[in-house]
Amino acid sequence: MKNIVLIGFMGVGKGSVAREIVKTAKCIAIDTDDLIESMENRKVKKIFADEGEKYFRDLEKQVANWLEKSVKNTLISTGGGFYKVKNLKKIGTIVLLDSPFDAIIKRIKAHPNAKGKLKKRPLLNDLQKAKELYDGRRPEYLALADVVVDVTNKSAVECTKEILKKVKKNA
Ligand code: S3P
């Protein structure tokens, strides 16, 4: 199996879908934010606060190079800005989890830990700015994706079925 790389905006559900894919496909999964937090022994929010965004983006590039060279047969979930790394397409099949901005925010706010979900994401602090970021990124996400799945109002199980079917077709 080629790696499957989940991309998409913050809060769209990459983590939940990744966990469901692992259950169904019995594969191993890794998450780029988790890797960065382990490398740095601090949370993404703290890295942004202490070092600024550029430092974080450089770590993403480092992770991308390692993924390309050393990781196979793996489900890789990514932070919402990870798609900007130059070698993204060389890492695996790119699957975009797509949803309108308002639906994403609604999804986050419906979560029992909504406050925590918003707090840990520095780029979601200002919703007006986040919307601008979304509008700028969405065409770029679409241009890079091998597979696009509209996840709006779908369960992780439904998304997983659709993703695995489409990835198989794309192979
Ligand atoms: C970011 C998304 C976050 C995290 C960081 C930056 C972004 O990950 O990598 O806060 O630029 O969109 P999630 O997409 O998992 O929230």
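Both backbone and side-chain heavy atoms feed into the values below; hydrogens, waters and symmetry mates do not. Order of listing sets the numbers, starting from 1, for every ligand and every atom in it. Computed from a predicted model, the values in this text were never measured in an experiment.
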Report the member of Glu60, Lys84, Arg57, Lys45 with the shortest heavy-atom distance to atom 11 (O) of ligand 1.
->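 Of the listed residues, Arg57 has the closest heavy atom.
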
Between Asp34, Asp33, Val12, flag the one that comes closest to atom 4 (C) of ligand 1 by a heavy atom.
->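 Shortest heavy-atom distance from atom 4 (C) of ligand 1: Asp33.
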
Just by distance, do the side chain of [X] and the backbone of [Y] share a donor-acceptor pair under 3.5 Å?
X     : Y      : answer
Thr74 : Lys72  : yes
Lys43 : Lys120 : no
Asn3  : Ile91  : yes

For [atom], what is the closest protein heavy atom, and at what distance to 0.1 Å?
atom                    : answer
atom 14 (O) of ligand 1 : Lys14 NZ, 2.6 Å
atom 5 (C) of ligand 1  : Val44 CG1, 3.7 Å
atom 16 (O) of ligand 1 : Arg121 NE, 2.4 Å

Just wondering, are more than 12 heavy atoms of other shown residues or ligands nearer than 6.0 Å to NZ in Lys89?
-> yes

For Pro122, the ligand 1 atoms whose distance to one of its heavy atoms is below 4.0 Å =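 In order of number, 10 (O).
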
Which word best sums up how the rings of Tyr141 and Phe9 line up, parallel for under 30°, tilted for 30 to 60°, or perpendicular for over 60°?
-> perpendicular

So among Leu88, Val63, Asn87, Val85, which one has a side-chain contact (heavy atoms from CB on, under 4.5 Å) with Glu68?
-> Asn87

Should Arg137 be counted as touching ligand 1, given the test is an N or O pair under 3.5 Å?
-> yes

Is the closest heavy atom of Phe56 to ligand 1 under 4.0 Å?
->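 So Phe56 counts as touching ligand 1.
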
